[in-house]
Participant: 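The following block contains the structure, expressed as structure tokens.
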2 protein chains.
Amino acid sequence: MIGDPRQRRRLLDAFPFLHGTPEEFRAEVFAQVTLVRLPVGQLICHDGAHCAQLPLVLTGTGRVYKLGENGREITLYRVHPGESCVVTTSCILSGRAFPAFAVCESAVEAVVVRPAEVRRWMATSEPWREYIFGLIASRLQEVFGVLDAVLFQRLDQRLMAYLLGLRETASGRDIHMTHQALAVELGSSREVISRVLKGLESQGLLRTTRGLIELLDIPALELRTREG
Amino acid sequence: MIGDPRQRRRLLDAFPFLHGTPEEFRAEVFAQVTLVRLPVGQLICHDGAHCAQLPLVLTGTGRVYKLGENGREITLYRVHPGESCVVTTSCILSGRAFPAFAVCESAVEAVVVRPAEVRRWMATSEPWREYIFGLIASRLQEVFGVLDAVLFQRLDQRLMAYLLGLRETASGRDIHMTHQALAVELGSSREVISRVLKGLESQGLLRTTRGLIELLDIPALELRTREG
DNA sequence: CGTCCCTTGGTGACAAAGTCACTGAATCGC
DNA sequence: GCGATTCAGTGACTTTGTCACCAAGGGACG
């Protein structure tokens, strides 16, 4: 239960779709939901687990990834404030095991919903349904995109595209990330990432130093991600 | 609209969950739904398309696959009688573009549902919701499984596992399938499949002739798919 | 300040998989 | 039977993953 008006306000702000719901539904949400805080690195769900509740993220981000037997891993998608892990939702609604791992990438504040309420609201609340379906579809597309990238795209292209994508979020042209972290994002291995980065460096497209990648020729990088 | 009692019977038999629904809901389904027949090879949905209706398969099977720029492709899952393509569902419910291709692998009879009804029934019918959620979750797991296989498993293992899986459906130990078809299933290329098959053949595990693969040592094959 | 240790990245050799160009063999339609 | 098409085999090469090992950078701490 969430009583504090400040916390209620934060919940409404993080999940705008709630504004479109009737007063009684919001009251129901406040009554049924619990606030939790999870530290960095906290494992939320592991492969094969059955999900006991659905977390709706208020602050922080979660990372959902696949882990191979050999230790390699790949990030499937992230769960940001205002979102929830729909794979969890689908597991709850169907009673199946979770097919991946989920971990707190930063400290996470979330409200958790019990499976019974998740199901009930699907029946009673149109906005809740819309919210969940939107998330399911967008995740599905992200995962399909990952599959496409892994199968059909060359690693140098994927790497360049990823670095360019980061640049929009990060400050300037400097990317603070280790080769290992990049490998985990793209589902590759550190050695290969190092090799590819060295190739790009020798073409003058970027510069690497310990823990830092500096994009030098952004227009050229953008060109190469588009072409073959 | 489906009036013919025979057709109504067939629909109920293909979708057992309908038996658990009230009389009025079944009447609604019969009233809103249209029967279609699609020939082999008919493209149902292409990448980037917006889905105009949801097909529920009565007979035949559809194949959903990803196609790369280079022409390579990979089968994601199949839609059998009693199922529907949930990616389509999710596209309909969220208004997003379809992120893959769907094609009739054999002649398909299906009933199609308009998006408005798909959405409405999500609100009004508990069994319909359960049916859709079950499908979404099972597909999600299949796609996650494909991703896992592609990223973390060796091709020879995947190939052996696939062949063994076929054996259960097919008759005896003979598998009638071209190398190209196997490549499409596993997201590889014909040449590589040929190479791997030759390797397995030289180990005495199977024998290949044009369009046919004969599994010789099934216990050994099963062993190898389990080990590293 | 120096030592230890952990993280990060570099390297070379090899294996697995994908690509390309070309060949030959089996099969089908007529 | 004959030509076209489908199916499979091959070799050379590239890309990617794996393994083992090394070296540099940077903290923790006495």
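Below, read A as the first sequence line, B as the second, and so on, with proteins coming before strands; counting in each chain starts at 1.
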Participant: Might you point out which heavy atoms bring I136(A) and S90(B) nearest each other, and give the distance in Å?
Facilitator: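 What the structure gives for the nearest pair is CG2-CB, 4.4 Å.
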Participant: If you check the S194(B) side chain, which of dA17(C), dT19(C), dA8(D) turns out closest?
Facilitator: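 My answer, after comparing the listed nucleotides, is dA8(D).
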Participant: Let's see if you can work this out: which of dG9(D), dT10(D), dC19(D) has an atom nearest to the side-chain heavy atoms of E191(A)?
Facilitator: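 Closest nucleotide among those given: dC19(D).
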Participant: Looking at dT18(D), dG9(C), dA21(C), which one has an atom nearest to any side-chain atom of V192(A)?
Facilitator: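 Taking heavy atoms from C-beta onward, the closest nucleotide is dT18(D).
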Participant: Go through dG17(D), dA17(C), dT18(D) for me and flag the one nearest to the R195(B) side chain.
Facilitator: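 From the listed options, dA17(C) comes nearest.
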Participant: Give the rounded distance in Å between these two atoms: CD of Q153(A) and P of dA17(C).
Facilitator: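 So the two atoms are 21 Å apart, to the nearest Å.
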Participant: Go through dT19(C), dT16(D), dA16(C) for me and flag the one nearest to the R154(B) side chain.
Facilitator: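 Output: dA16(C).
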Participant: Return the nearest nucleotide to the side chain of R190(B); candidates are dG9(D), dG17(D), dG10(C).
Facilitator: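 Selected nucleotide (nearest to the side chain): dG9(D).
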Participant: Side chain of S189(A) only, heavy atoms from C-beta on: which candidate in dT18(D), dA8(D), dG9(C) is closest?
Facilitator: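 The answer is dT18(D), which lies nearest to the side chain.
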Participant: Atom CD of E69(B) to atom C1' of dT19(C): distance rounded to whole Å?
Facilitator: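 It works out to 15 Å between those atoms.
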Participant: Between L215(A) and R167(A), is a side chain to side chain contact (heavy atoms under 4.5 Å, CB included) present by the stated rule, with each step listed?
Facilitator: CA-CA 9 Å; L215(A) 307 183; R167(A) 185 189 46 109; 4.0 Å; yes
Participant: Whole angstrom is fine here: how far is it from NE2 in H179(B) over to P in dA8(D)?
Facilitator: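 Value for this atom pair: 4 Å.
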Participant: When the distance from CD of Q180(B) to C1' of dA26(C) is rounded to whole Å, what number comes out?
Facilitator: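 The answer, rounded to whole Å, is 17 Å.
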Participant: In terms of side-chain heavy atoms of T178(A), which of dA17(C), dT7(C), dG9(C) is nearest?
Facilitator: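 Among dA17(C), dT7(C), dG9(C), the one nearest the side chain of T178(A) is dG9(C).
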Participant: Could you tell me the separation between the NZ atom of K198(B) and the P atom of dA16(C), rounded to a whole number of Å?
Facilitator: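 About 15 Å, once rounded to whole Å.
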Participant: Considering the options E214(A), E201(A), K198(A), H179(A), which one meets the side-chain hydrogen bond (donor to acceptor under 3.5 Å, both in side chains) requirement together with T208(A)?
Facilitator: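 Passing option: E201(A).
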Participant: Side chain of R210(A) only, heavy atoms from C-beta on: which candidate in dA26(C), dG9(D), dA24(D) is closest?
Facilitator: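 Looking only at side-chain atoms, R210(A) lies closest to dA24(D).
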Participant: What is the distance, rounded to the nearest whole Å, between atom CZ of F152(A) and atom P of dT19(C)?
Facilitator: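 Spelled out: CZ on F152(A) to P on dT19(C) is 9 Å.
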Participant: Using a strict 4.0 Å threshold on nitrogen-to-oxygen distance, state whether R78(B) and E83(B) make a salt bridge.
Facilitator: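 Salt bridge absent between R78(B) and E83(B).
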Participant: Between E185(A) and L182(A), is any pair of side-chain heavy atoms under 4.5 Å apart?
Facilitator: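 No - every pair of side-chain heavy atoms lies 4.5 Å or more apart.
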